[in-house]
Protein chains: 2
Amino acid sequence: METVGQIIRAKRESQGLLLRQVAAHLDIDQAILSKIERNERKPTKENIFKLSQILKLDKDELLIQFMSDKIAYEIADEDCASRVLKVAEKKVKYLRAHPIKS
Amino acid sequence: METVGQIIRAKRESQGLLLRQVAAHLDIDQAILSKIERNERKPTKENIFKLSQILKLDKDELLIQFMSDKIAYEIADEDCASRVLKVAEKKVKYLRAHPIKS
DNA sequence: TTATTACTTGACAATAAGTGTCAAATGTAA
DNA sequence: TTACATTTGACACTTATTGTCAAGTAATAA
């Protein structure tokens, strides 16, 4: 089971890129990228988009990894975690079928 | 599809309790509870626990509603929402099978 | 009508969480 | 050692969350 950080690091290294090079492209300090890769900090959505560009990763796939990481982390310590996901799925379907008029 | 707010309001009213009575039990201003019931603000976990006590709702069930609301809201506007949930489920299983030593 | 009661609204304050910079420390290899 | 990449932690800045308060609305009774 790969985390977003692991995916990013593996891809960056396989392309021979340095932290500072990639960080410069993201317009953040390399310290943050270092932490993102070790799952010490979470990337922003913006980070994810730019990372998928420079590392030639599929944008949607990386976004899915990013969001699923966030959710998994959020509920992992609840023993009702899997029910939460099931109910969330129903709610998402409902929300998409009944969009809010705004 | 009921929101947490709707569940709370329905139960509070069925018990003939006033906003200020329940809010006092939660140790928050009744304005907040009013907003929680109308889904204008999200309850904290602490709020959820105390609400389940005073309203005699199942604590786990209310927590599930609370967390699934949060997640559904978080991803509803992504078109990869259902994949996110599937991947999240895998990650949760993995995390629970491989707990972090701390 | 006025008074009372329950609830709602919005401006604001306090606090917590997220996001970032920087410089020093650590690791690694020539 | 020197040079370079990465890591670490203290700190600052910004944004989000959580709350208080007082004034507003709505419904009802006197």
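Fair warning: this is a prediction, and the values are worked out from it, not measured in the lab. We name chains A, B, ... by the order of the sequence lines, and we start the count at 1 in each one.
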Enquirer: Could you check how far CG of A:L26 sits from C1' of C:dT19, rounded to whole Å?
Expert: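 Taking CG of A:L26 and C1' of C:dT19, I get 13 Å after rounding.
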Enquirer: Out of D:dT8, D:dG19, D:dA5, which has the shortest distance to the side chain of A:A31?
Expert: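 Selected nucleotide: D:dT8.
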Enquirer: Starting at the 5' end of DNA chain C, which residue's closest nucleotide do you reach first, B:R38 or B:L18?
Expert: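 Closer to the 5' end of DNA chain C: B:L18.
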Enquirer: Within the pair A:R12 and D:dT6, is there a side-chain N or O less than 4.0 Å away from OP1 or OP2?
Expert: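 Answer yes for this pair, as a side-chain N or O of A:R12 is under 4.0 Å from OP1 or OP2.
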Enquirer: Give the rounded distance in Å between these two atoms: CD of B:E40 and C1' of C:dA11.
Expert: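 Spelled out: CD on B:E40 to C1' on C:dA11 is 13 Å.
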Enquirer: For D:dT18, does either OP1 or OP2 sit under 4.0 Å from a side-chain N or O belonging to B:R41?
Expert: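 Indeed not, no polar side-chain atom of B:R41 lies that close.
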Enquirer: What is the separation between atom CD on A:Q30 and atom P on C:dA25, rounded to the nearest whole Å?
Expert: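 One finds 17 Å between P of C:dA25 and CD of A:Q30, rounded.
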Enquirer: What's A:I28 touching, base or sugar-phosphate or nothing? Going by heavy atoms closer than 4.0 Å.
Expert: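 Sugar-phosphate: the residue A:I28, judged by heavy atoms under 4.0 Å, touches backbone atoms but no base.
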Enquirer: Would you find more than 12 non-hydrogen atoms of other residues, nucleotides or ligands less than 6.0 Å from B:K70 atom NZ?
Expert: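 Atom NZ in B:K70 is not crowded, with 12 or fewer foreign heavy atoms closer than 6.0 Å.
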Enquirer: On DNA chain C, compare the nucleotides closest to A:D29 and B:E37; which residue's is nearer the 5' end?
Expert: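 Looking at the nearest nucleotide for each, B:E37 comes out on the 5' side.
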Enquirer: Below 3.5 Å, does any donor atom in the side chain of A:K35 face an acceptor in the base of D:dG9, or the other way round?
Expert: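 Present.
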Enquirer: Between the side chain of A:R96 and the main-chain N/O of B:A76, is any donor-acceptor distance below 3.5 Å?
Expert: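 Here the side-chain-to-backbone pair exists.
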Enquirer: Kindly give the heavy-atom pair with the smallest separation between A:Q65 and A:I7, and that separation in Å.
Expert: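 Nearest pair, atom of A:Q65 first, then A:I7: CG-CD1, 3.7 Å.
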Enquirer: Whole angstroms only, please: what is the CD1-P distance between B:I32 and C:dA14?
Expert: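 Result: 15 Å.
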Enquirer: Can you measure A:L19 atom CG to C:dC22 atom P for me and round it to whole angstrom units?
Expert: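 Rounding to the nearest Å, CG of A:L19 and P of C:dC22 are 17 Å apart.
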Enquirer: Could you state the interatomic distance from CD1 (A:I32) to NZ (A:K42), rounded to the nearest 0.5 Å?
Expert: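 Answer rounded to 0.5 Å: 15.0 Å.
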Enquirer: Tell me the interatomic distance from A:E46, atom CD, to C:dG18, atom C1', rounded to whole angstroms.
Expert: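 It works out to 16 Å between those atoms.
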Enquirer: In whole Å, what is the span from the CG atom of A:N39 to the P atom of D:dT6?
Expert: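 About 17 Å, once rounded to whole Å.
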Enquirer: Do the side-chain N or O atoms of A:R9 get closer than 4.0 angstrom to the phosphate oxygens (OP1, OP2) of D:dT7?
Expert: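 For D:dT7, OP1/OP2 do have a side-chain N/O of A:R9 under 4.0 Å.
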Enquirer: Just by modelled atom types, is the A:F66 backbone N or O under 3.5 Å from a matching donor or acceptor in the A:D69 side chain?
Expert: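 It does not hold such a pair.
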Enquirer: Taking 4.0 Å as the cut-off, does a side-chain nitrogen or oxygen of B:S34 come that near to OP1 or OP2 on C:dT8?
Expert: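 True: B:S34 side-chain N/O within range (under 4.0 Å) of C:dT8 OP1/OP2.
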Enquirer: Report the distance from atom NZ of B:K42 to atom P of D:dT18, rounded to the nearest whole Å.
Expert: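 So the NZ-P distance, B:K42 to D:dT18, works out to 9 Å.
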